[in-house]
Participant: 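Sharing a structure below in structure tokens format, with a few things to ask.
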Amino acid sequence: MGSRILSVESLSVKYRANPREIHALRDVSIGLERGSSLGVVGGSGSGKTTLCLSVMRLLPKNAVVESGRILLDGVDLLSLSEEEMRSVRGKRVSMIFQNPHTSLNPTATVEQHLLEVYELKLGMGAGEARQSAREVLREAGIDHPQDVLSKYPHQLSGGLAQRVLIALAIAQSPEVLIADEPTSALDAVATSRITSLLKKLCDRRGMSLVMVSHDLRTVLGLVDEVVVMLFGQVVERAPADRLLKRPLHPYTKLLVSAYRDVFWRGVVIRNGLPSNRGGCVFLESCPHPLDVCREASPPLFEAGCGAVRCFAYAR
Ligand SMILES: Nc1ncnc2c1ncn2[C@@H]1O[C@H](COP(=O)(O)OP(=O)(O)OP(=O)(O)O)[C@@H](O)[C@H]1O
Ligand SMILES: [Mg+2]
């Protein structure tokens with residue numbers, strides 16, 4: 001732990017879409033220390049996947065990076081050529097995509113997927129590649145790799161497919177692993193197995209982890225720090241234990257009360273994007289808005305070992 005391996009600084013990304021543009025990320029900053037883990041939590045459409053795809057430089061064609069920097073060990077990934085990025089993707093930063101089955105090629109077996117990495121990307125000979133494929137599957141918690149290697153993606157259960165994706169993601173020993181909702185298609189037992197596997201892998205390999213989820217339950221107990229996203233903004237950043245004990249932003253309070261299975265009176269999240277242009281994105285749902293919240297978008301205020309985007313914490 002100590003030095004920062006990944007920093008996203010003031011990143012703004014929009015999508016060109018008819019009839020209007022969608023501002024998916026607005027001035028988003030996150031930081032990941034080497035060997036540590038960060039949870040990114042937020043509702044559907046809050047910009048989590050856009051953030052991950054930005055780091056991987058895999059945004060769709062209609063996306064525009066308006067401003068910001070993405071520093072991997074001090075080097076701005078946004079300034080690299082496509083060829084330079086190819087030596088970053090998978091090798092230094094790897095991503096587990098949101099849907100396990102659509103991330104795998106339906107016409108290739110598990111073994112073919114892994115051999116492509118070991119033979120084509122890492123240049124191993126056939127024997128060494130086969131051996132490495134078995135070992136990485138074992139590391140991903142598949143005790144009998146020979147039963148899985150010849151299978152096609154549609155023959156795998158959700159949990160097994162996710163383990164294969166994890167094996168593919170760690171095959172090139174990346175320094176940073178980004179897991180975008182790796183458990184959203186799984187039941188509670190499989191979810192807990194996959195999250196503990198990720199924790200074990202990160203501890204064993206010294207890998208840094210960005211764990212994305214719409215559910216606080218999935219990240220607490222796994223990560224050191226959490227950022228909460230709402231409508232493309234980071235509204236709170238805090239150590240995981242502080243976030244759970246003392247959430248500051250009203251939206252985070254709502255997430256924590258849902259986590260504790262407690263009904264928190266006063267907040268009803270409106271659907272869709274916020275209607276107000278200049279004010280706080282949470283204004284229409286906030287139980288205690290101030291006058292200033294209608295007029296200006298709050299910056300992140302330092303608070304409680306972290307930061308919160310709420311004028312109630314302005315000093
Ligand atoms: N290719 C695209 N073209 C246009 N708009 C897009 C595109 N991809 C995402 N968006 C929009 O950008 C916003 C952020 O989407 P994103 O997928 O990053 O959210 P998310 O937090 O990952 O959501 P989920 O929890 O549903 O996966 C949403 O309003 C979404 O509709
Ligand atoms: Mg997503």
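Bear in mind the structure is a predicted one, so any value in this text is a computation, not a measurement. Both ligands and their constituent atoms are indexed starting at 1 by order of listing.
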Participant: Without hydrogens or angle criteria, can the side chains of S285 and Y251 be said to hold a donor-acceptor pair below 3.5 Å?
Facilitator: no

Participant: Return yes when atom CD of E83 has more than 12 non-hydrogen atoms of other residues, nucleotides or ligands closer than 6.0 Å, and no otherwise.
Facilitator: no

Participant: Under 4.0 Å from ligand 1, counting heavy atoms only, is it the side chain of I22, its backbone, both or neither?
Facilitator: side chain

Participant: Check S46 against ligand 1 and report side chain, backbone, both or neither, counting heavy atoms closer than 4.0 Å.
Facilitator: both

Participant: May I ask you to list the atoms of ligand 1 that are less than 4.0 angstrom from any heavy atom of P60?
Facilitator: 1 (N)

Participant: Of V13, T49, N62, which has the heavy atom at the shortest distance from atom 22 (O) of ligand 1?
Facilitator: T49

Participant: Looking at ligand 1, would E181 count as a contact under a 4.0 Å heavy-atom criterion?
Facilitator: yes

Participant: Against heavy atoms of T50, which atoms of ligand 1 measure under 4.0 Å?
Facilitator: 14 (C), 15 (O), 16 (P), 18 (O)

Participant: Using heavy atoms and a 4.0 Å limit, tell me yes or no: is G43 in contact with ligand 1?
Facilitator: yes

Participant: Crowded around R193 CZ? As in, over 12 foreign heavy atoms under 6.0 Å?
Facilitator: no

Participant: Just wondering, are more than 12 heavy atoms of other shown residues or ligands nearer than 6.0 Å to CZ in R16?
Facilitator: no

Participant: Salt bridge check, E111 against K151: does any charged N sit closer than 4.0 Å to a carboxylate O?
Facilitator: no

Participant: State the CZ-CG distance between R89 and L77, to the nearest 0.5 angstrom.
Facilitator: 9.5 Å

Participant: Taking atom types as modelled and ignoring hydrogens, do the side chains of E135 and S132 form a donor-acceptor contact shorter than 3.5 angstrom?
Facilitator: no

Participant: Going by distance only, is there an N or O of A24 that falls short of 3.5 Å from an N or O of ligand 1?
Facilitator: no

Participant: Out of curiosity, is H214 lining ligand 1, as in a heavy atom under 4.0 Å away?
Facilitator: no

Participant: N/O to N/O below 3.5 Å, does that happen between A17 and ligand 1?
Facilitator: no

Participant: To the nearest 10 degrees, how large is the angle at the Mg ion (ligand 2) between T49 OG1 and Q98 OE1?
Facilitator: 80°

Participant: Taking V210 as the fixed residue, which of V40, V227, V55 is the one that meets the side chain to side chain contact (heavy atoms under 4.5 Å, CB included) rule?
Facilitator: V40

Participant: Where on M229 is there a heavy atom closer than 4.0 Å to ligand 1, on the side chain, on the backbone, on both, or on neither?
Facilitator: neither

